[in-house]
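For reference, the structure discussed in these notes is given below.
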Amino acid sequence: MREIKVERFDIRHTVESAQPLAFFGDMKKDGKGVTYSYKDSLIEAEQKSNVLKYSSYGSVCCSELKREIETRFRLCDDMSGVYKKIGTDQFMKEAIKKYYGMRITKNDPWETTLCFLISQFNNVKRIRGIVKRLVVAYGEERAFSTGNVELKFNSFPTPEELAKRSAKDLMVHGAGFRAKYIESVAHACSESFDLQKLYKKKYCDAKEELMELDGVGDKVADCILLFGYGKTEAFPIDTWVKRVMEKVYFKGRNKKIKDICSFATERWGQNAGYAQQYIFWQGRSLGIGK
DNA sequence: ACCCAGGCGGGCG
DNA sequence: CGCCCGCATGGG
């Protein structure tokens, strides 16, 4: 068990706020820790006030593990600076106070892509269920014995593994009409489409390329860029964010996605992604628009 | 029963 | 282009 000091970090808000970790990871019952698969390994992380304890089962070495933890939870982000930039109005101040320490997570691009393909026209509980069933069905099973306890988990299914299945196979797991997108994108990513190359592209260019994938539109592309590539200028606008934005910043008037997007970019710039996460999670908790 | 969910693609004007 | 509709599924 290793430790790292953390400030302005809350593992519960971070893991529970409908980011990819909420879909394929497991929150511990007490809400203070999480377990999730990383490559061939299983990682555990647990927070005790200002200390994040972590450990792993599997082949990942300790320097890589440290880097993975710091990257995944974006521990190097200057949250004080972020809060200063986005906490400029009453709504944001309250959201920040309520979910203080909630970070954007940085996840694997493919894993993020699959999660958000499934997210469309869907709800958080079902997304998690579908992702979980795909992991069980098509992830590689791994087991470790830790003292007297046998630990089993599945790694996240690769594009190659999913590409072997037809949309009809995938339907069994409840993916619904999204199954055809999963099939198509799994094929693309295991053959011609190179997700890795998007790291070095600018936000706009990367987004344009992502949207060539079947089932990836404006919103899903922004989610992939934010949670899968760490491009924090992305501002995904779903039904919740749209409603909050209209109510809080546009006097309740119906606005187009494009207008909301340019407002957010102008107001929050590189921190738009963070602003979005607080808006989204606070909007849901307040039930805005319902 | 009815409505909605971290939208998208296709078809039409 | 912009607008509108259908779409699988299950929980509230």
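The structure displayed is predicted, hence computed values, not measured ones. In what follows, chains are A, B, ... by sequence order, proteins preceding strands, each numbered from 1.
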I'd like to know if [X] and [Y] make a salt bridge, using a cut-off of under 4.0 Å between side-chain N and carboxylate O.
X	Y	answer
Arg8(A)	Asp78(A)	no
Arg253(A)	Glu246(A)	no
Arg243(A)	Asp238(A)	no
Lys53(A)	Glu44(A)	no
Arg74(A)	Glu70(A)	no

Tell me: [atom1] of [X] to [atom2] of [N], nearest whole Å?
X	N	atom1	atom2	value
Asn122(A)	dC8(B)	CG	P	13 Å
Asn123(A)	dC3(B)	CG	C1'	12 Å
Lys125(A)	dC4(B)	NZ	P	19 Å
Trp240(A)	dG7(B)	CH2	P	10 Å
Phe177(A)	dG7(B)	CZ	P	9 Å
Leu213(A)	dC8(B)	CG	P	12 Å

With no hydrogens and no angle check, just 3.5 Å: does a side-chain donor-acceptor pair link [X] and [Y]?
X	Y	answer
Ser166(A)	Glu183(A)	no
Asp222(A)	Tyr203(A)	yes
Asn154(A)	Tyr138(A)	no

Is the side chain of [X] donor-acceptor paired with the backbone N or O of [Y] at a distance under 3.5 Å, no angle test?
X	Y	result
Ser119(A)	Phe116(A)	yes
Thr14(A)	Arg103(A)	yes
Asn122(A)	Ile118(A)	yes
Ser184(A)	Tyr181(A)	no
Gln47(A)	Phe9(A)	yes

> Going by heavy atoms closer than 4.0 Å, what residues in residues 220-231 of chain A are next to DNA chain B?
Replying inline: Val220(A), Phe227(A)
> Among residues 87-120 of chain A, which contact DNA chain B at a heavy-atom distance under 4.0 Å?
Replying inline: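 Contacting residues: Ser119(A), Gln120(A).
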>> With side chain to side chain contact (heavy atoms under 4.5 Å, CB included) as the test, pick out the partner of Ser155(A) among Glu161(A), Glu140(A), Lys39(A), Glu141(A).
In response: Glu140(A)
>> Considering every strand and a 4.0 Å limit on heavy-atom distances, what is the contact class for Arg284(A): base, sugar-phosphate, or nothing?
In response: sugar-phosphate
>> Please classify the nucleic acid contact of Ser184(A) as base, sugar-phosphate, or nothing, using heavy-atom distances under 4.0 Å.
In response: nothing
> Is any side-chain heavy atom of Arg267(A) closer than 4.5 Å to a side-chain heavy atom of Thr88(A)?
Replying inline: yes
>> Can you work out whether Val241(A) or Tyr181(A) has the more 5'-proximal nearest nucleotide on DNA chain B?
In response: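 Comparing both residues, the 5'-ward one is Val241(A).
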> Quantified in whole Å, what is the P atom distance between nucleotide dA8(C) and nucleotide dG11(B)?
Replying inline: 15 Å
> In residues 247-268 of chain A, which residues come under 4.0 Å of DNA chain C by heavy atom?
Replying inline: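 Of all residues in residues 247-268 of chain A, none places a heavy atom under 4.0 Å from DNA chain C.
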> Of all nucleotides in DNA chain C with an atom under 4.0 Å from a non-hydrogen atom of chain A, which is the first and which the last going 5' to 3'?
Replying inline: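 Both ends considered, the range comes out as dC7(C) to dG12(C).
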>> To the closest 0.5 Å, what do you measure between NZ (Lys255(A)) and CZ (Phe250(A))?
In response: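 Between Lys255(A) NZ and Phe250(A) CZ, I get 5.5 Å after rounding to 0.5 Å.
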Quick one: which protein N/O atoms are closer than 3.5 Å to N/O atoms of nucleotides 10-13 of chain B? Pair and distance per line, please.
none

> Of the options Arg72(A), Glu111(A), Glu68(A), Glu64(A), which is the one that meets Tyr38(A) in a side chain to side chain donor-acceptor pair (under 3.5 Å)?
Replying inline: Glu64(A)
> Using the benzene-type ring in the case of Trp, are the ring centres of Tyr278(A) and Phe91(A) under 6.0 Å apart?
Replying inline: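 Here the rings of Phe91(A) and Tyr278(A) have centres that are no less than 6.0 Å from each other.
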> Is it the case that Lys231(A) places NZ or CZ above or below the six-membered ring of Phe227(A), under 6.0 angstrom from the centre and within 45 degrees of the axis?
Replying inline: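 Verdict for Phe227(A): no cation-pi partner in Lys231(A).
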>> What stems show up for DNA chain B when you take Watson-Crick pairs (N1-N3 plus N6-O4 or O6-N4) and G-U wobbles (N1-O2, O6-N3), both under 3.5 Å, and require three or more consecutive pairs?
In response: B:2-5 with C:9-12, B:7-13 with C:1-7
